[in-house]
Amino acid sequence: MNIKIISCILTFILIFSLAGCDSSLSSSGKGLVKGSRAGGSGAVETEKSAVSDYDEASDVYRIDEIDQQNQVIRFEQLSTGILEKYAYNSATYIYDKNGRSTTVDYLYTGMPVTFEVTENSEKLESVTQSTALWTMSDIYNFDVNTQDNAFTIGTTDYMLVSETKIYRGNDQLTFEQLSDLDTVTIVGVAKKILSIIVTSGHGTIEFLNSDVFEGGWVTVGTLISQEVTPDMSITVPEGEYTVAVAKDGIGDDVVVNVTEDQTTKIDLQKFANTKPQYCKIKFKILQDNATLYVDAKETKTEKEITLSYGIHDLIVKADGYSTWNRKLMVSSKEATIVIDLDAVTDTEGSSSDDTSTSSSSSSTSAGSLAGSAAGSLAGSSSSSSSSSSSSGSSSSSYTDTTTSVSTDTLSTLGDLISTLSGWDDDDDD
């Protein structure tokens, strides 16, 4: 009798347990819920988003905050504006847009994602980068017009909407805090921009005792060349730069690391040594019939010349080519300068057959400098698009958006390579 009673109890417990398991299963049978469950305890209601007009974004969230210390991620549903928080741990799967497994460090605020949570514990089972929205990375040549709600990349206009957010880590920025010197990733749907993520910010270089070199010239990497003025400061993208200053043969250079939202100070008094310094420069002009003038004096190009530190005027003339006119900031021990002239167009009286070779390289002409030990800088606005692809983290395309930049100035310091003008050091042998 006792055996039968125990058997019944065990049967009842087993049936009850199975019933409990069935009640916790989702329709997929995995105990997981795609996206987020309506009315989840992590949800915070906000106003409805206009993005709901786009079906492709209806099931997509963006990461609004990543709290790595407490291992919590906050998501915003793009179609409703609802905010939800869920915890993650080492068992949470993170997938990139191609479905490859990665780590939580891959995630960033503003990223469009879908996710799964365990229904019982409300822990994140997985987070997957979504491809329902487009993403563009490494954008630095952009313009923002908040009055017209326009965000322009090159010649393409996008729309800023009420849902547009600017992220820098877990911080949300205003448009006043966004600089055209920043590098950003943008996320959007159709022509609307939903997220702007600052991936590289900007800082300031402040020059102390600038009166020592007032009237002289300063260069910052391949970004900026300008005359020294009192109480001078320059805003540049974060990164490492060689800063050079020179006047009347006196000058020097220093490597500085500019960090985001910080001011780097350089005391120019330390540059004011009493012994004049000189640079050995070799010019190579790709047009055989060209004549070089340095400080208004005709100069032979067969041998290297010596110029004092400071600013010098360069002019190159050749029949069938536009006159080339630049200022040269000398602030290194040696340099090689390659110059490729622009051919005169047919409308200016020159045959296209005679100038086709030179015209093919006109995008990098008007001052392509092939660097020796000191490197070089292409100082023409017409070559900014080419030089930006060759100069690493420093891009001369910033000359279009920095009003203090002199676009007709070259420097013997920089990091552009000789292939800008299609010339190699070996050609000289």
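Heads up: numbering here begins at 1 and tracks the sequence. Excluded from the calculations below are hydrogen atoms, water molecules and symmetry mates; all remaining heavy atoms, backbone and side chain alike, are included.
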State whether the side chain of [X] and the backbone N or O of [Y] hold a donor-acceptor pair below 3.5 Å, judged by distance alone.
X    : Y    : result
Q129 : K97  : yes
Q277 : G251 : yes
D182 : S179 : yes
N209 : L268 : no
N89  : A91  : yes

Exercise: identify the closest heavy-atom pair between [X] and [Y]:
X    : Y    : answer
I196 : L160 : CD1-CD2, 4.3 Å
S322 : L341 : O-CD2, 4.2 Å
Y158 : M136 : OH-CE, 3.5 Å
S233 : T204 : CB-CG2, 4.0 Å

Between D253 and S331, does any side-chain donor sit less than 3.5 Å from a side-chain acceptor?
-> no
Say you draw a straight line from [atom1] of [X] to [atom2] of [Y]; how long is it, rounded to the nearest 0.5 Å?
X    : Y    : atom1 : atom2 : value
D211 : D231 : CG    : CG    : 8.5 Å
L83  : F75  : CG    : CZ    : 11.5 Å
Q71  : Y88  : CD    : OH    : 5.0 Å

Is there side-chain contact between [X] and [Y], with at least one heavy-atom pair below 4.5 Å?
X    : Y    : result
I186 : T135 : no
I234 : Y241 : no
Y95  : S126 : yes

Applying side chain to side chain contact (heavy atoms under 4.5 Å, CB included) between I197 and each of I139, V184, V187, report the one that passes.
->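 For I197, the side chain to side chain contact (heavy atoms under 4.5 Å, CB included) test succeeds with only one of I139, V184, V187, which is V187.
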Could you go step by step and tell me if K85 and D64 meet the salt bridge (Lys or Arg N to Asp or Glu O under 4.0 Å) rule?
-> CA-CA 9 Å; K85 285 185 178 182; D64 198 61; over 6 Å; no
Please confirm whether K247 makes a cation-pi placement over F213, using NZ or CZ under 6.0 Å from the six-membered ring centre and within 45° of the ring normal.
-> no
Determine, for Y293 and K317, whether the Lys NZ or Arg CZ falls below 6.0 Å from the six-membered ring centre while staying within 45 degrees of the axis.
->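 Ring-cation test returns yes.
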Checking salt bridge (Lys or Arg N to Asp or Glu O under 4.0 Å) for the pair E76/R62: CA distance, chi angles, key distance, verdict?
-> CA-CA 5 Å; E76 178 186 2; R62 68 175 158 198; 2.9 Å; yes
Does Y309 have its ring centroid less than 6.0 Å away from the ring centroid of Y278?
-> no
For atom CE of M159, is the number of surrounding heavy atoms from other residues, nucleotides or ligands below 6.0 Å larger than 12?
-> no
CA sep, side-chain torsions, deciding dist, call: K192, E163, salt bridge (Lys or Arg N to Asp or Glu O under 4.0 Å) | CA-CA 9 Å; K192 290 187 176 183; E163 295 77 29; 5.5 Å; no
